[in-house]
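Read through the structure below, which is laid out as structure tokens, and then see the notes.
Only this structure's heavy atoms are used, side chains among them; waters, hydrogens and symmetry mates stay out. Each chain gets a letter, A, B and so on, in the order its sequence line appears, and its residues count up from 1.
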There are 2 protein chains.
Amino acid sequence: MYHSAAIMTPDPQHPWPVAPAGGETRVLRPHAHLFYAGDEATHFFEILQGAVRSCKLFADGRRQIVAFGFTGDIVGFGHGETYRFDCDALAETRVRVIARSELMRAVRARPELGERLLEIAAGEVATMQDLSILLCRKTALERIATFLVAMAERHRGNAVGTRTPLPMGRADIGDFLGLTIETVSRTMTRLRALRIIDLPDRGGFAVRDMAALRGVAECEEYLH
Amino acid sequence: MYHSAAIMTPDPQHPWPVAPAGGETRVLRPHAHLFYAGDEATHFFEILQGAVRSCKLFADGRRQIVAFGFTGDIVGFGHGETYRFDCDALAETRVRVIARSELMRAVRARPELGERLLEIAAGEVATMQDLSILLCRKTALERIATFLVAMAERHRGNAVGTRTPLPMGRADIGDFLGLTIETVSRTMTRLRALRIIDLPDRGGFAVRDMAALRGVAECEEYLH
DNA sequence: CGGTGTGTTGAGGCACATCAAGCCAGGTGG
DNA sequence: CCACCTGGCTTGATGTGCCTCAACACACCG
């Protein structure tokens, strides 16, 4: 029961404390899988470049994307015997492979690492709680706005007007936010019509009015 | 950023490894708060008897119950400076108080405790992911069924026909599952009409057909 | 008795899903 | 070069599940 394949985003101020600088790296083509649900959880993966998605599939075809992972994230931080979710690459992706046993050895040798990992895990819980709230209480407009704010913040050049890439398709965004592709599309169009974002091309967006976007994301009822 | 006040449910097979057998206990009347969002997170609390709810409040009045805590659960396992959520008692509740510093000291002395805590934290992440899926992808009927299955399983005497108490009100269930009280009420009534559960009184329910309840919870489309 | 808080039931509306076209860019082959 | 296909995205029309608003039932309590 106690395992997870969530994506951990280290605090930029306290970078991931363990990942060895060396170590094996692996290159994934788009749609290549890092692991499947049920696989033995022997490794973590640090994303050096590219992007991945972690998703759960249901018997009836429904799909929930649990998290996206970008450069600097760690995926597969699952502490049970098996991964809980599938994880595959959105684009060409380079990862560093970290053996679980190696990390555990390091924790035993330096207990402060364990403390740090606990903090990271707690942060992950917090992230998931925020996601629950997002999915539960927010409208489509608020969800998309929240997602775009998060994406823009992650992206280095998140100055207003700068293009932020969206390496995932509309279907992925929908399956992450609990919306259909049509609603994702319509809502993005609506944000553009409100002059809050630009949609210069398919694979990206640009924020025109960050304050307004945050306002929508935070449920301020700017818009009736 | 890295903190959380989620409720941790230890695996019954590997009970919580740290809580000292002795230690201060505290008794809470209904609606008495264990802590508030923003308070300095100096303690954890092991619930010895009773039930609590952990919830996040929004400026616009919306409320999300993040978790319920029952006998044996640990609340306030948050690793930042402050709690992220309010936590208060649903009924008269007895808790054991555990100082954060004490736990951290124990982790430093015995690194295997840290590993165990990491597993618990990972389990908590998994629980939250399941909750996301619940809130995102399931219908009202599926949500209520999932909730009732979980409640029946927690309760010792969960044999078919046995009453399981529901110490929280309809509003709490609604704020946990992302539904209104009316929908909660209607959906429970519907499950009774389907002869899957009984509703002998306000504060409890009994499962008449566990297989059917699980079927509904697992999105099997028994009911068009 | 009325007052209050909680739960149930009913009528109607709205946000998002569903179903269905159509658009556009990229690729392929003649 | 154009004709054609394909996959992802957008846009429109309609349906529906849950929310909203409203009334009522019931227990508890002064």
- Of the nucleotides dT9(C), dC18(D), dT10(D), which one has an atom closest to the side chain of Ser185(A)? dT10(D)
- Message: Heavy atoms from C-beta onward define the side chain here; which of dC18(D), dT20(D), dG12(D) lies closest to that of Glu182(A)?
- Response: dG12(D)
- Pick base, sugar-phosphate or nothing for Gly203(B), based on heavy-atom distances below 4.0 Å to the nucleic acid. nothing
- Query: Reckon Leu179(B) touches a base, only the sugar-phosphate, or nothing at all at heavy-atom distances under 4.0 Å?
  - Reply: sugar-phosphate
May I ask you to evaluate whether [X] reaches the phosphate of [N], defined as a side-chain N or O under 4.0 Å from OP1 or OP2?
X: Thr183(B); N: dC18(D); value: no
X: Thr180(A); N: dC16(C); value: no
X: Thr189(B); N: dT9(C); value: yes
X: Arg186(B); N: dT9(C); value: no

- Task: For this output row, return yes or no: ring centroids of Tyr83(B) and Tyr36(B) closer than 6.0 angstrom.
- Result: no
- Note on the structure: Closest non-hydrogen contact found for Pro200(B) with Arg163(B) is CG-CG, 4.0 Å
- Ile181(B) CD1 to dA25(D) C1', straight-line distance once rounded to whole Å: 14 Å
- Note on the structure: Here the distance between atom P of dC16(C) and atom CD1 of Ile144(A), to the nearest Å, is 10 Å
- Task: Determine yes or no for a side-chain-to-main-chain donor-acceptor pair under 3.5 angstrom, with Thr93(B) supplying the side chain and Ala51(B) the backbone.
- Result: yes
